[in-house]
Colleague: 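Sharing a structure, written as structure tokens. Questions coming.
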2 protein chains.
Amino acid sequence: MSLDVASLAHSMRDRLPPKHDAGWTLGISRPEAMAEPAEKAARHLDLPARQTILDEGDEARSLHVILEGSVMLSKLLPDGRRQIIELLGPGDVFGLCINRLSDVTAETVLPSRIVVYDRAVAESSPSLQRLVADRMKAQICALHDHAMLLGRKNAVERVATFLMRLVPNRGGQGCAGPLAAGKADQAQVHVTLTRQEIADYLGLTLETVSRAFSLLKRQGVLAYGRHDDVTIGNVCRLCQCTGSH
Amino acid sequence: MSLDVASLAHSMRDRLPPKHDAGWTLGISRPEAMAEPAEKAARHLDLPARQTILDEGDEARSLHVILEGSVMLSKLLPDGRRQIIELLGPGDVFGLCINRLSDVTAETVLPSRIVVYDRAVAESSPSLQRLVADRMKAQICALHDHAMLLGRKNAVERVATFLMRLVPNRGGQGCAGPLAAGKADQAQVHVTLTRQEIADYLGLTLETVSRAFSLLKRQGVLAYGRHDDVTIGNVCRLCQCTGSH
DNA sequence: CGAATAGTTGAAACTAATCAAGTAAAGTGG
DNA sequence: CCACTTTACTTGATTAGTTTCAACTATTCG
């Protein structure tokens with residue numbers, strides 16, 4: 001039993017993205033073996049980037065599972081302050097809430113394919129239930145990390161942490177660490193969010209995010225021409241900037 | 001082993017007054033009908049306040065359900081910065097993680113009763129599964145709110161939001177709002193966390209928390225002599241200070 | 001090519017952190 | 001029971017980091 005879970009968990013973590021850019025350009029893809037349960041009563045959505053799926057306060061009686069692409073969840077304060085709460089990728093779920101109203105707005109970041117299950121269907125399928133429980137655990141851990149970032153990290157640490165998420169298989173618990181040093185430890189990441197979106201995710205202003213990028217560039221940790229194609233010269237060095245190592 | 005812990009807990013317990021309003025003094029109790037599933041293979045813990053249950057990085061292969069009391073989950077950065085991630089009450093669950101290691105430290109805030117189910121047991125009981133799924137949804141929503149607080153609210157808003165959580169049946173989605181105005185809208189709350197803990201929860205320093213308390217007191221929103229027994233003169237007025245309304 | 005959008009950079013303002021001193025309450029030992 | 005220590009909280013002065021405001025640059029799109 002525990003061996004089962006262990007090997008599944010392990011394969012989840014080490015698997016590489018199945019397709020080119022879709023998920024991991026955001027660094028949030030965890031494209032594990034995803035149960036594809038009975039497709040009865042499931043609606044499929046095929047959405048372009050920056051499309052709203054669900055508004056804060058909307059009726060939310062269905063379970064959404066991301067097949068491909070990425071989705072961001074955000075909240076607004078009455079005076080317009082926005083916080084992007086979660087960045088989700090393939091396998092992640094959203095749209096579930098205790099009371100029937102969504103507590104967040106959900107919109108695509110990239111063109112995305114999403115399956116929508118009716119609440120009743122979702123709750124009657126054990127395999128779906130299992131998928132949902134596992135993803136929720138993962139998302140809770142991600143929210144824990146993010147609370148630490150928002151509560152205790154400074155601007156550069158936040159931006160560095162964000163960028164590390166974009167590097168597949170790094171920055172998490174299983175970060176290779178300085179072990180891998182010595183060999184060229186370069187990475188290319190594609191930043192799909194605007195500076196404003198990054199700011200709203202990191203609890204900063206877009207100016208502060210821009211300054212942090214510029215600082216890391218000036219220090220030689222990053223290099224970029226177009227602002228969305230970033231080369232990380234030494235991943236470990238960037239990792240050192242996150243405050244977590 | 002577990003007996004050891006239990007008896008230790010009992011001997012230390014006498015030093016602290018066991019209050020039975022324990023849960024809601026933190027405002028986090030949601031004492032609904034909680035399924036009490038097959039108690040087989042369940043270990044019960046009876047712990048005094050400020051007792052560590054689980055350390056960040058510990059093996060975490062069991063599901064913990066809070067029956068009574070309250071528990072805080074926290075994380076540390078290598079340089080000692082701490083963030084309290086969640087404040088949990090009766091019915092809430094913790095100790096589950098995708099990989100086998102706990103991502104947080106868990107410790108009691110009040111004397112607490114906790115059931116610990118072995119992972120295998122938890123995963124084989126449909127009723128437990130259901131409980132866990134529901135609680136996780138609720139906790140995710142709470143984490144969403146908290147991310148908004150940490151990312152976008154100022155010091156006074158954070159403290160006001162924290163205090164509102166201590167008022168039963170207020171501050172949430174179902175806040176009565178200014179409707180209830182006119183009648184005396186007073187509340188007494190017992191603050192069980194120290195200023196340092198509140199600060200670690202709200203992403204502030206203890207001095208800033210203290211100043212926010214003092215400011216709200218000076219403005220007549222709060223009154224208190226002993227720093228842990230706070231009278232909220234007008235709940236709606238405090239609610240106005242949270243930034244959420 | 002001009003307009004619009006996104007990003008960068010600088011200076012000033014402001015909020016919260018830090019440093020430091022002082023007060024209040026609780027616990028300890030004579 | 002009282003001085004003494006410890007712990008928790010408060011308050012003030014100063015500093016640091018981020019936000020705000022503003023100007024400017026680069027890129028994308030009709």
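Quick note on labels: first sequence line is chain A, next is B, and so on, each numbered from 1.
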Colleague: Whole Å only: how far is the NE2 atom of B:H227 from the P atom of C:dA25?
Modeller: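 Interatomic distance, NE2 of B:H227 to P of C:dA25: 9 Å.
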
Colleague: Just to be sure I understand the geometry, which residues of residues 194-207 of chain B put a non-hydrogen atom under 4.0 Å away from DNA chain C?
Modeller: B:G203, B:L204, B:T205, B:E207

Colleague: Who are the salt bridge (charged side-chain N to carboxylate O under 4.0 Å, His left out) partners of A:R218, not counting sequence neighbours?
Modeller: none

Colleague: Which residues pass the salt bridge (charged side-chain N to carboxylate O under 4.0 Å, His left out) test with B:E56, not counting sequence neighbours?
Modeller: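 If we apply the salt bridge (charged side-chain N to carboxylate O under 4.0 Å, His left out) test to B:E56, skipping adjacent residues, there are no hits.
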
Colleague: Looking only at side chains, do A:Q51 and A:T108 share a donor and an acceptor under 3.5 Å apart?
Modeller: no

Colleague: Suppose we screen for side-chain contact (heavy atoms from CB on, under 4.5 Å). Which residues come up paired with B:A212, at least two apart in sequence or across chains?
Modeller: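 Applying side-chain contact (heavy atoms from CB on, under 4.5 Å) to B:A212 gives B:V156, B:V159.
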
Colleague: Do A:I66 and A:V93 come within less than 4.5 Å of each other through their side chains, counting heavy atoms only?
Modeller: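 No; the side chains remain at least 4.5 Å from each other.
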
Colleague: Once salt bridge (charged side-chain N to carboxylate O under 4.0 Å, His left out) is applied, do any residues pair with B:D58, and if so which ones, sequence neighbours excluded?
Modeller: none

Colleague: Please verify the inter-ring angle class for B:Y201 with B:H146; under 30° counts as parallel, over 60° as perpendicular, anything in between as tilted.
Modeller: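 Plane angle under 30°, so parallel.
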
Colleague: I'd like to check the side-chain hydrogen bond (donor to acceptor under 3.5 Å, both in side chains) partners of A:S74; sequence neighbours left out, ordered by chain and number.
Modeller: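 With sequence neighbours excluded, A:S74 shows a side-chain hydrogen bond (donor to acceptor under 3.5 Å, both in side chains) to no residue whatsoever.
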
Colleague: Would you say the side chains of B:H144 and A:Q83 form a donor-acceptor pair under 3.5 Å?
Modeller: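 Not at all, the side chains of B:H144 and A:Q83 share no donor-acceptor pair under 3.5 Å.
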
Colleague: With the threshold set at under 4.0 Å for non-hydrogen atoms, list the residues of residues 143-159 of chain A touching DNA chain D in residue-number order.
Modeller: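 Of all residues in residues 143-159 of chain A, the ones placing a heavy atom under 4.0 Å from DNA chain D are A:N154, A:A155.
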
Colleague: Would you check if the side chain of B:R81 reaches a backbone N or O of A:R152 as a donor-acceptor pair within less than 3.5 Å?
Modeller: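 Yes, because the side chain of B:R81 sits within donor-acceptor range (under 3.5 Å) of the backbone of A:R152.
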
Colleague: Rounded to the nearest 0.5 Å, what's the gap from NE2 on A:H227 to NZ on A:K217? Could you check?
Modeller: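 Going from NE2 on A:H227 over to NZ on A:K217, the span is 11.0 Å.
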
Colleague: Testing the 3.5 Å rule here: is there a donor-acceptor pair between the side chains of A:K153 and A:T242?
Modeller: no

Colleague: What residues from residues 74-86 of chain B pass a heavy-atom cutoff of under 4.0 Å to DNA chain D?
Modeller: none

Colleague: Could you work out, with salt bridge (charged side-chain N to carboxylate O under 4.0 Å, His left out) as the rule, every residue matching A:E207, not counting sequence neighbours?
Modeller: none

Colleague: State, to the nearest 10°, the angle formed by the axis through the first five base pairs of the helix from C:dC1-D:dG30 to C:dG30-D:dC1 and the axis through its last five.
Modeller: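 Rounded value for the end-axis angle: 40°.
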
Colleague: Shortest non-hydrogen contact from A:A49 to A:V109?
Modeller: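 Of all heavy-atom pairs spanning A:A49 and A:V109, the closest is CB-O, 3.2 Å.
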
Colleague: Rounded to the nearest 0.5 Å, what separates atom CG in A:L149 from atom CG in A:D145?
Modeller: 8.5 Å

Colleague: Of all nucleotides in DNA chain D with an atom under 4.0 Å from a non-hydrogen atom of chain A, which is the first and which the last going 5' to 3'?
Modeller: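 Span of nucleotides near chain A: D:dT18 to D:dT28.
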
Colleague: Of the residues in residues 210-218 of chain B, which ones touch DNA chain D at a heavy-atom distance under 4.0 Å?
Modeller: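 Contacting residues: B:S210, B:R211, B:S214.
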
Colleague: May I ask you to decide if the ring planes of A:F213 and A:Y224 are parallel, tilted or perpendicular, using 30° and 60° as cut-offs?
Modeller: perpendicular

Colleague: Enter the distance from A:R211:CZ to A:L206:CG here, rounded to the nearest 0.5 Å.
Modeller: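 A:R211 CZ to A:L206 CG: 9.5 Å, rounded to 0.5 Å.
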
